[in-house]
Asker: 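I am attaching a structure below and will ask some questions about it afterwards.
Letters go in sequence order (proteins before strands), and every chain restarts at 1.
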Amino acid sequence: MKVSLPKGTRDFLPAQARKRKYLFSQIEQVFQYFGYVPIETPVLENLSTLMGKYGEEGDNLLFKVLNNGDFLAKADAQALTDRDSSRVVSDIAKRGLRYDLTVPFARFVVMHQHELYFPFKRYQIQPVWRADRPQRGRYQEFYQCDVDVVGSESLMYEAELIQIYDTVFHKLGIPVEIRVNNRKILAGIVESAGVPDKLTEMTVAIDKLDKIGVNGVLEEMVRKGIPEGNALHILNTIQLDWDELVNTLTQTISGAKGVAELEQVWEYLEGISPNNHLSKDIRLARGLNYYTGCIFEIALATDQVQMGSLGGGGRYAELTGVFGLDNMPGVGISFGAERIYDVMDELQLWPKDLDRQLDLLVLAMDDVCHRAGFKLVSDLRLAHLRADLYPQPDKFKKQMKYADTLGVPWVAIIGPEELQEQEVTLKNMSTGEQSRVSIREVAAKIQ
RNA sequence: GUGGAUGUAGCUCAGCAGGUUAGAGCGUCGGAUUGUGGUUCCGAAGGUCGCCGGUUCGAGCCCGGUCUUCCACCCCA
């Protein structure tokens, strides 16, 4: 039997799993410092909850889970003979794997609104699934680390989330640029260019500025139905610096509001000194479909590694509106843990002792000594040392080799001679030095 | 979803007009060394050449399909 893994999924060996756990715990600690509480939601959601929330593209990338039982018998016969996949799907699959953590969170808030308090600040670190074509740093199963606050319009939270980004990446040692924009500014730009209904077309195009250049953006906008004159106007506007832009934008209601919001966020941040570069970037156009206010994105601020965005987020005026609960604003950010992991790997930012699993390994020369070894490791564990005992008094060389493979810093050897004196031979594996130590003093010696 | 590349030992890679038993380094295991690992020396194991089919007297190599991984789109973390 040949075994394999589904496309876009991975196993994690101990060395990787340890690094991932470390990464998640670092992120989680920061969330907790800022007063966020954890929640968990199921891997499976009803497709009715998920469908239509991520656009047409998103619906295609949703993993659907086949109903149990004789699902074909209950399917629409006409749809089956027509081979109409989209109609058949709704008959044979009522559940799907979650695509992100935000939509399930919105569902969660609606369902538990009477058990929650507001503003409600939660974090959630769980895997999500997308039937995307895999690439480097892009998987079908991956973790998202989300922090959101719902039930408040205060721009303090925008500032707070920026601070969380700054704190986490500083703590991990990754230099980043935190880019901030506001959807109302983008709305102001299309309004002042005379094409207020072309917001999406414009943002999709200018998001690619770095990649396809000014002419490419112009072409794309024209192709999407923006008249060339208006498109040129847009291009000029997005290349203005902040002060000039403010003059242009304050002529429109949306633009003025967006500018005011961004400036207020900046006021909150004035007193603190971020470790990473913070920028107002009016070309930032990510995830515009549901954001209504500020939007965030994290870009690497080093060219030692090439990697796309390490995180993103924004404010949505009506987080739960699609589920029937109005007036529930939210703002949140997400960390792209998989990409952050890859960046940390390439930049070698992992703590050095991360691969150390044991402080000490006990080796025994015979069965009697092995019993004494069992007692010794028990005592050492009570003393909060990570200690283990080799399972049997094997050939000594083999035991030593195991200790070496594990990378333990200390080895305690119990042979008949040592046992008689109630001692062990304690060996420092990096220097090779060894000495006889009373069994009672082992913990103290290696601490 | 579209277009393009890729796949040989656990890992990194050789291989040849298409021609018997497919190689190397590293790693693994055993021994030199029955109370001492990481160095050294000796030896061994390990492959349906991604999978299925086709062409051929003969395929790891050529052709088709399929899967995986990677790259560019799309989109995103």
Asker: Please report the closest heavy-atom contact between A:Leu269 and A:Leu278, naming both atoms and the distance.
Answerer: CD1-CD1, 3.7 Å

Asker: Identify, between A:Lys211 and A:Tyr139, the residue whose nearest nucleotide on RNA chain B lies closer to the 5' end.
Answerer: A:Lys211

Asker: Is A:Pro416 touching bases, backbone alone, or none of the nucleic acid, heavy atoms closer than 4.0 Å?
Answerer: base

Asker: Go through the structure and list residues passing side-chain hydrogen bond (donor to acceptor under 3.5 Å, both in side chains) with A:Gln124, not counting sequence neighbours.
Answerer: A:Thr41, A:Arg122, A:Gln126

Asker: Kindly write out the residues that satisfy ring pair (Phe, Tyr, Trp, His ring centres under 6.0 Å) with A:Phe24, not counting sequence neighbours, or none if the list is empty.
Answerer: A:Tyr143

Asker: Evaluate whether atom CD of A:Glu346 has more than 12 neighbouring non-hydrogen atoms of other residues, nucleotides or ligands under 6.0 angstrom away.
Answerer: yes

Asker: Please list, chain by chain and in numerical order, all residues satisfying ring pair (Phe, Tyr, Trp, His ring centres under 6.0 Å) with A:Tyr390, sequence neighbours excluded.
Answerer: A:Tyr402

Asker: Nearest to the side chain of A:Asp132 - B:rG4, B:rC75, B:rG31?
Answerer: B:rC75

Asker: At under 4.0 Å between heavy atoms, what does A:Gly311 touch on the DNA or RNA strands: base, sugar-phosphate, or nothing?
Answerer: sugar-phosphate

Asker: Any N or O donor-acceptor pair under 3.5 Å from the base of B:rC71 to the side chain of A:Arg138?
Answerer: no

Asker: Strictly under 6.0 Å, is that where the ring centroids of A:Tyr341 and A:Trp350 end up?
Answerer: yes

Asker: Heavy atoms under 4.0 Å, any strand shown: does A:Glu297 hit a base, just sugar-phosphate, or nothing?
Answerer: nothing

Asker: Closest approach to the side chain of A:Met400, judged atom by atom: which nucleotide of B:rU36, B:rA77, B:rC73 is it?
Answerer: B:rU36

Asker: Tell whether A:Glu418 reaches the base of B:rG35 with its side chain through a donor-acceptor pair below 3.5 angstrom.
Answerer: yes

Asker: Pull out every protein N or O sitting under 3.5 Å from an N or O of nucleotides 42-50 of chain B, one pair per line with the distance.
Answerer:
residue: B:rG50; atom: O2'; partner: A:Lys2; partner atom: NZ; Å: 3.1

Asker: Is the distance between the ring centroids of A:Tyr123 and A:Tyr36 under 6.0 Å?
Answerer: no

Asker: Kindly write out the residues that satisfy salt bridge (Lys or Arg N to Asp or Glu O under 4.0 Å) with A:Arg18, not counting sequence neighbours, or none if the list is empty.
Answerer: none

Asker: Classify A:Arg136 by what it touches in the nucleic acid, base, sugar-phosphate, or nothing, heavy-atom distance under 4.0 Å.
Answerer: sugar-phosphate

Asker: Using a cut-off of 4.0 Å on non-hydrogen atoms, how would the nucleic acid contact of A:Gly312 be classed: base, sugar-phosphate, or nothing?
Answerer: nothing

Asker: Tell me, which pairs form a ring-ring contact (aromatic ring centres under 6.0 Å, His included) where one or both residues lie in residues 164-186 of chain A, sequence neighbours left out?
Answerer: A:Tyr165-A:Phe335, A:Phe169-A:Phe335

Asker: Counting only non-hydrogen atoms, which of residues 352-369 of chain A are less than 4.0 Å from RNA chain B?
Answerer: A:Met365

Asker: Using a strict 4.0 Å threshold on nitrogen-to-oxygen distance, state whether A:Asp394 and A:Lys401 make a salt bridge.
Answerer: no

Asker: Would you mind telling me which of A:Asp345, A:Asp355, A:Asp342 makes a salt bridge (charged side-chain N to carboxylate O under 4.0 Å, His left out) with A:Lys19?
Answerer: A:Asp345

Asker: Considering every strand and a 4.0 Å limit on heavy-atom distances, what is the contact class for A:Glu417: base, sugar-phosphate, or nothing?
Answerer: base

Asker: Is the backbone N or O of A:Leu5 less than 3.5 Å from a side-chain atom of A:Thr9, with the two atoms forming a donor-acceptor pair by type?
Answerer: no

Asker: Extract all donor-acceptor atom pairs below 3.5 Å that involve side chains of residues 89-97 of chain A and protein atoms in other chains or at least two apart in sequence.
Answerer:
residue: A:Ser90; atom: OG; partner: A:Arg87; partner atom: O; Å: 2.8
residue: A:Asp91; atom: OD2; partner: A:Asp76; partner atom: N; Å: 2.7
residue: A:Arg95; atom: NH2; partner: A:Asn68; partner atom: OD1; Å: 2.9

Asker: Could you identify which residues of residues 421-431 of chain A place a heavy atom less than 4.0 Å from some atom of RNA chain B, listed by residue number, or say none?
Answerer: A:Thr425, A:Lys427, A:Met429, A:Ser430

Asker: Both A:Gly308 and A:Lys397 contact RNA chain B. Taking the nearest nucleotide for each, which residue is further toward the 5' end?
Answerer: A:Lys397

Asker: Ignoring hydrogens and angles, answer whether the base of B:rG38 and the side-chain atoms of A:Asp404 contain a donor-acceptor pair closer than 3.5 Å.
Answerer: no

Asker: Salt bridge or not between A:Glu338 and A:Arg10? Use side-chain N to carboxylate O under 4.0 Å.
Answerer: yes

Asker: Answer with yes or no whether the side chains of A:Asp82 and A:Gln78 bring together a donor and an acceptor at under 3.5 Å.
Answerer: yes

Asker: Give RNA chain B the dot-bracket treatment, 5' to 3': Watson-Crick (N1-N3 with N6-O4 or O6-N4) or G-U (N1-O2, O6-N3) under 3.5 Å, [ ] crossing, | other strand.
Answerer: (((((.(..((((.....[...)))).(((((.......))))).....(((((..]....)))))).)))))....

Asker: Would you jot down, in residue-number order, the residues of residues 407-414 of chain A having a non-hydrogen atom under 4.0 Å from RNA chain B?
Answerer: A:Ile413

Asker: Can you sort out the partners of A:Lys121 under side-chain hydrogen bond (donor to acceptor under 3.5 Å, both in side chains), two or more places apart, ordered by chain and number?
Answerer: A:Glu160

Asker: Distance criterion of 3.5 Å, no angle test: do you see the side chain of A:Gln135 paired donor-to-acceptor with the base of B:rU69?
Answerer: no

